[in-house]
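All residue numbers refer to positions in the sequence shown, counting from 1. Worth saying up front: this structure is predicted, and the values here are computed from it rather than measured. These numbers come from the heavy atoms of this one structure, side chains and all, not from hydrogens, waters or symmetry mates.
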Amino acid sequence: MGCFAAILALISPRLALFAILIFSDWIGRAFDGWVLPVLGFFLLPWTTLAYTVMWVSGGRGVDGLEWALVVLAFLFDVGSWREGDRGRRAR
C-alpha cells in the first residue's frame, strides 16, 4: 500500500488520500473522527497525507523529525494557495 500511495501522491495528494481511505485503515488510525480528514482533504491535502503516513509509519504517533515532514507538507499547501492566488491576479 505504501508504494501505491507514494506513486499516487506524485500525481495528486487528494487521489492518494482517497486511495488510502478506500484500501486501508490508515486514516482511521491517524484521526479520531471524520471532520479533520474531510477538512484536510479539501484545504490541506499534502499536510493531511503527510500526517497520516507519519502516524502510521511511527506506530505511536508523530514524533521528532516526522513533524518536520508534516510542516514541510504544510508549507507546500500554503505555497500552492499563494501560487493559485497569484495566477488569478495576473489575469
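The neighbour count for Asp25 CG, taken as heavy atoms of other residues, nucleotides or ligands under 6.0 Å away, is above 12.
Listed by first and then second residue, the salt bridge (charged side-chain N to carboxylate O under 4.0 Å, His left out) pairs that reach into residues 42-58 come to none, sequence neighbours excluded. For residues 64-79, no residue pair satisfies the salt bridge (charged side-chain N to carboxylate O under 4.0 Å, His left out) rule, not counting sequence neighbours. Residue pairs meeting the side-chain hydrogen bond (donor to acceptor under 3.5 Å, both in side chains) criterion with at least one partner in residues 49-58, sequence neighbours excluded, are absent. Listed by first and then second residue, the salt bridge (charged side-chain N to carboxylate O under 4.0 Å, His left out) pairs involving residues 37-59 amount to none (not counting sequence neighbours).
Every residue two or more places apart in sequence or in another chain was checked for a ring-ring contact (aromatic ring centres under 6.0 Å, His included) with Phe41, and none qualifies. Under the side chain to side chain contact (heavy atoms under 4.5 Å, CB included) criterion, Val56 pairs with Trp26, Arg29, sequence neighbours left out. By the side chain to side chain contact (heavy atoms under 4.5 Å, CB included) test, Leu39 is found to be paired with Val35, Leu43, residues two or more places apart in sequence or in another chain being considered. Every residue two or more places apart in sequence or in another chain that forms a side chain to side chain contact (heavy atoms under 4.5 Å, CB included) with Leu72 is listed here: Phe76.
Atoms CG and CE, from Leu49 and Met54 in turn, are 9.0 Å apart once rounded to the nearest 0.5 Å. Going from atom CD1 of Ile27 over to atom CG of Leu36 covers 11.5 Å, rounded to the nearest 0.5 Å. Considering OG1 of Thr48 and CZ of Phe74, their distance stands at 11.0 Å, rounded to 0.5 Å.
The shortest heavy-atom contact between Ala9 and Trp46 is O-CH2, 3.0 Å.
Cluster annotation: Leu65 is not connected to Val71 through the hydrophobic network of ILVMFWY side chains, with a link wherever side-chain heavy atoms come within less than 4.5 Å.
Under the 3.5 Å distance criterion, the side-chain polar atoms of Trp67 are matched with a main-chain donor or acceptor of Val62.
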